[in-house]
2 protein chains.
Amino acid sequence: MARSPTTADAFNAIAESSRRELLDVIGGDEVTVSELVLRSGLSQPQVSKHLGVLRAVGLVLVREEGRHRWYRVNGPALKPIHDWVLPFARTWNARLDRLDDLLTELKTTEKPQ
Amino acid sequence: MARSPTTADAFNAIAESSRRELLDVIGGDEVTVSELVLRSGLSQPQVSKHLGVLRAVGLVLVREEGRHRWYRVNGPALKPIHDWVLPFARTWNARLDRLDDLLTELKTTEKPQ
DNA sequence: TTGACGTATGCCGATATTGGCATACATTAG
DNA sequence: CTAATGTATGCCAATATCGGCATACGTCAA
């Protein structure tokens with residue numbers, strides 16, 4: 001047997017720092033591959049391959065426009081990771097213990113738009 | 001070049017689901033290896049090897065007692081992961097946008113022990 | 001049509017992993 | 001002392017990765 005494929009899930013996909021970096025660079029924007037090559041310093045094939053992995057696990061979404069590909073981060077795909085870490089986060093950040101209460105409270109307090 | 005070693009950092013270490021499971025099983029307790037073997041269903045050598053990886057990245061701490069090894073989770077070692085995901089979490093959970101304000105507010109409100 | 005541009009793929013070598021089984025090591029029981 | 005218990009390691013085979021370089025493909029410009 002071997003290690004799980006990087007395309008197995010979000011956990012494996014983000015194990016590679018280059019891919020986390022790409023997600024960081026994309027951020028909340030919609031970016032083109034060549035733009036990512038410039039901003040990341042990685043080679044073009046490298047960027048395309050990493051994007052392929054991120055695409056495979058749904059961490060990025062693409063919009064095709066002519067010969068360009070506009071990539072953007074698909075946040076919710078990271079939810080499993082956030083959900084998995086949260087319980088442990090409570091152990092080092094006591095204030096997170098109150099998070100649930102706070103969110104509930106906030107939900108009640110805030111005005112719907 | 002090859003994939004980063006699993007012992008490179010917490011991100012790589014938790015990419016393997018068996019290791020996440022072990023961390024979940026340990027939870028907030030202090031558990032013995034044989035205890036983990038029973039609760040996880042993994043073979044003893046497998047558990048020991050995975051624990052070795054988790055130890056290498058500081059995700060677990062051990063206390064030696066005779067021929068027993070008591071393992072416990074070292075929460076803070078997961079902080080880099082939590083920190084990395086948080087910004088993205090805000091994109092799918094709008095309420096997290098207010099988290100900082102809330103924490104600050106709570107900090108002011110709560111009484112020191 | 002021909003060529004330039006933007007992306008994705010293919011092939012390669014080097015490397016590290018995972019589970020299984022056997023086994024070594026240290027500690028405690030008889 | 002000898003055996004049993006609790007853990008860690010070693011070796012193996014199968015697999016998948018990552019970067020580099022070349023190259024294929026589709027689209028738009030002259």
Side-chain angles (χ1 to χ4, degrees), chain A residues 1-23 25-26 29-73, chain B residues 1-23 25-26 29-73:
Chain A
M1 201 161 286
R3 205 201 287 211
S4 306
T6 55
T7 53
D9 54 41
F11 287 95
N12 280 280
I14 69 157
E16 174 73 25
S17 62
S18 301
R19 283 191 286 267
R20 291 199 301 280
E21 198 190 319
L22 284 178
L23 290 174
V25 172
I26 300 177
D29 302 336
E30 193 179 36
V31 192
T32 234
V33 176
S34 38
E35 190 75 26
L36 285 175
V37 172
L38 290 178
R39 297 193 198 172
S40 69
L42 298 173
S43 71
Q44 181 271 308
Q46 222 178 129
V47 170
S48 281
K49 285 175 185 172
H50 283 314
L51 287 175
V53 174
L54 295 174
R55 233 186 300 136
V57 297
L59 278 170
V60 291
L61 298 174
V62 205
R63 180 167 63 84
E64 314 200 348
E65 184 187 86
R67 47 186 168 179
H68 295 263
R69 296 288 179 284
W70 293 90
Y71 281 89
R72 61 186 185 287
V73 176
Chain B
M1 199 163 285
R3 205 202 287 212
S4 307
T6 55
T7 53
D9 54 40
F11 287 95
N12 280 281
I14 67 157
E16 174 73 25
S17 61
S18 301
R19 284 190 286 267
R20 289 199 302 280
E21 198 190 320
L22 284 178
L23 291 174
V25 172
I26 300 175
D29 303 335
E30 194 178 36
V31 192
T32 232
V33 176
S34 37
E35 189 75 26
L36 285 175
V37 172
L38 289 179
R39 297 193 199 172
S40 69
L42 298 173
S43 71
Q44 181 273 309
Q46 221 178 130
V47 170
S48 280
K49 286 176 186 172
H50 283 313
L51 286 174
V53 173
L54 294 174
R55 234 186 298 134
V57 298
L59 278 170
V60 292
L61 298 174
V62 205
R63 181 168 63 83
E64 315 200 348
E65 185 187 86
R67 48 186 168 180
H68 294 263
R69 296 290 179 282
W70 294 90
Y71 281 88
R72 59 186 186 287
V73 176

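Side-chain atoms are counted along with the backbone in the values below, which use heavy atoms only and exclude waters and symmetry mates. Chain letters run A, B, ... following the sequence lines, proteins first and then strands; every chain starts at 1.
Contacts between residues 55-68 of chain B and DNA chain D, defined by a heavy-atom separation under 4.0 Å, are made by B:R55, B:R67, B:H68. Of the residues in residues 37-51 of chain A, those placing a heavy atom less than 4.0 Å from an atom of DNA chain D are A:P45, A:Q46, A:K49, A:H50, in numerical order. Of all the residues in residues 5-15 of chain B, B:P5, B:T6 reach under 4.0 Å from DNA chain C with at least one non-hydrogen atom.
Residues A:L23 and A:V73 come closest through the heavy atom pair O-CG2, 3.8 Å.
Rounded to 10 degrees, the angle separating the terminal axes of the helix from C:dT1-D:dA30 to C:dG30-D:dC1 is 10°, with each axis obtained from five end pairs.
From the 5' end on, the contacts that DNA chain C makes with chain A at under 4.0 Å to a non-hydrogen atom open and close at C:dA4 to C:dG19.
With hydrogens and angles disregarded, a donor-acceptor distance shorter than 3.5 Å links the side chain of B:R20 to the backbone of B:A15. No donor-acceptor pair under 3.5 Å is formed between the side chain of B:T32 and the backbone N or O of B:E35. In terms of modelled atom types and a separation under 3.5 Å, the side chain of A:D9 and the main chain of A:F11 share a donor-acceptor contact.
Sorted by first then second residue, the salt bridge (charged side-chain N to carboxylate O under 4.0 Å, His left out) pairs that include residues 52-63 of chain A, not counting sequence neighbours, are A:E30-A:R63, A:R63-A:E65.
Rounded to an integer number of Å, the gap from B:E16 CD to D:dT17 C1' is 15 Å.
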Q.
I'd like to know whether B:Q44 forms a side-chain hydrogen bond (donor to acceptor under 3.5 Å, both in side chains) with B:S48, so could you lay out the CA-CA distance, the side-chain angles of the two residues, the decisive distance to 0.1 Å, and finally the verdict.
A. CA-CA 6 Å; B:Q44 181 273 309; B:S48 280; 3.0 Å; yes
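With contacts defined as side-chain heavy-atom distances shorter than 4.5 Å, the pair B:L51/B:R69 does not qualify.
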